[in-house]
Amino acid sequence: MTEIGIPLIETVGLTKKFGELDVLKGISERIYKGEVVSVIGPSGGGKSTFLRCLNLLETPTSGKVLFEGAELSEKSTDLDAYRRKIGMVFQQFNVFPHLKVIDNITLAPVLTGKMSREEANAQALELLEKVGLGDKAEEYPRKLSGGQKQRLAIVRALAMQPDVMLFDEPTSALDPEMVKGVLEVIQKLAESGMTCVIVTHEMGFARKVSGRVLFIDGGVIAESGTPEEIFDHPKNPRTQEFLAQVL
Amino acid sequence: MGKGLFEVLFEYWPIFLKGLWGTLKYAFIAVTLGSILGALVAIVHLSKKKAVSSLAAVYVNVLRGTPLLVQMYISYYFIPMAIPALNSIDKIYYVMLALTLNSSAYVAEIIRSGIGSVDRGQAEAARSLGLSGGQTMTRIILPQAVKNILPALGNEYIAMIKETSLAGTFMLYELMYTRTILANKYLVWQPQLIIAGIYLAVTLLLSAGVKKMEKRLSVSD
């Protein structure tokens, strides 16, 4: 891993309060281009909130989020322009039910002027083919299974040709038999060199695809390291306890 | 007892028809203008600035929290009194103003709850793709909210058809006003029953239409 130059995404002293509740208590982290970082930890520990702060879907209470050195939380920042470079996949898919599969994918690239309708269509069909949905372009999302919806959501984010993909528990809402197909798509993406930050409960998957694992608990990064360091030789007692429960 | 129901209906049907036309017309105008105004109020209400948003909340609460008849009296008597220059305007407009403002408050709530009914994840997904707030509203939220808003607007129209009966008090020629006309011919109980029958027929018919529309709109879920 080349960790030189400017990180793609950096957080500095990131905190987030929901009312009186301290969800994030100061997270400073750097994610470099090409890295695949998994974020694990107990529910309510802050890992999803951390991820959602990276594209400012949650506004940090204090601290900074930097994208290639530019501060996203700055008022003068054109946040929409940066969000176009940051793809996001949600636990609940959030596909657009009123649009056909192909229009789900082409909406953003065309509307933001990134590409023409023809280019966007061609790209969408190519991407759908790659994730095994080539025959679904003209369907409405209601005709898709959960796994297919999530693959559509991934393709929709990829259509903006982002620099990084954020995954927020992408398989947590899926029936067990749908999980594999979605994880395969994410794995292929990770192997292709796409920078990925993946919040997940799939420990086997995290071990397999990531170059680095963050264990977030109690609003802080309690431990971070390679998959071997985290899964085989965890140092922090909280990590050990958590892994003992889930593995 | 005098004349029978059907006798009265056959003899005076043009009067009832004209009354019905007035009822449908006034309700339509009130809901249409009320929808435009209500949409604006809803936009104000959805503002992230609390001071701005509460302005709309006060508007909605006042108009929904006071009887329409009271609003009509205020509009009908007090506006011309307060602003004498407006005295020359046909009083029918003051009644329409009250109906429109009243409807706008209900429509504002219909639109607001229609927008609120769209899952928050939809907006998050759109914003995460880099769409602006406006694009998210027009391309993602509103097309989905319409499914809830349109049937509710239909119901508001049905409600307004009944509310316009109060306008007869101010001599607007609508269905209820026919009662006043025929009372002059010493017909009292027949017109009342006929009017009730017409209201019922119209509202049932329109309710069936709204149900059909609801069904059709929900297909793509």
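Chain identifiers are assigned alphabetically (A, B, ...) following the order of the sequence lines, protein sequences preceding nucleic acid strands; residue numbering begins at 1 within each chain. Values below: every heavy atom of this structure, side chains too, minus hydrogens, waters and symmetry copies.
Atom CZ of A/Phe18 sits in a crowded spot, with more than 12 heavy atoms from other residues, nucleotides or ligands closer than 6.0 Å. The environment of NZ in B/Lys18 is sparse: at most 12 heavy-atom neighbours from other residues, nucleotides or ligands sit within 6.0 Å.
Listed options A/Met160, A/Lys143, A/Arg52, A/Lys114 were ranked by heavy-atom pairs under 4.5 angstrom with chain B; first place goes to A/Arg52. For the options A/Thr112, A/Asn55, A/Leu111, heavy-atom pairs under 4.5 Å to chain B are most numerous at A/Leu111.
Annotation: residues 71-93 of chain A contacts chain B through A/Asp80, A/Arg83, A/Arg84, A/Ile86, A/Met88, A/Phe90 [non-hydrogen atoms, separation under 4.5 Å]. Listed in order of number, the residues of residues 118-129 of chain A that approach chain B to under 4.5 Å between heavy atoms amount to none. Inspection of non-hydrogen atoms places B/Asp119, B/Arg120, B/Gly121, B/Gln122, B/Glu124, B/Ala125, B/Ala126, B/Arg127, B/Ser128, B/Leu129, B/Gly130, B/Leu131, B/Ser132, B/Gln135, B/Arg139, B/Ile140 of residues 116-141 of chain B under 4.5 Å from chain A.
Rounding to the nearest 0.5 Å gives a distance of 13.5 Å between CG of B/Leu217 and NE2 of A/His98.
Applying the side-chain contact (heavy atoms from CB on, under 4.5 Å) criterion to B/Asp90, with sequence neighbours excluded, gives B/Ile92, B/Tyr93.
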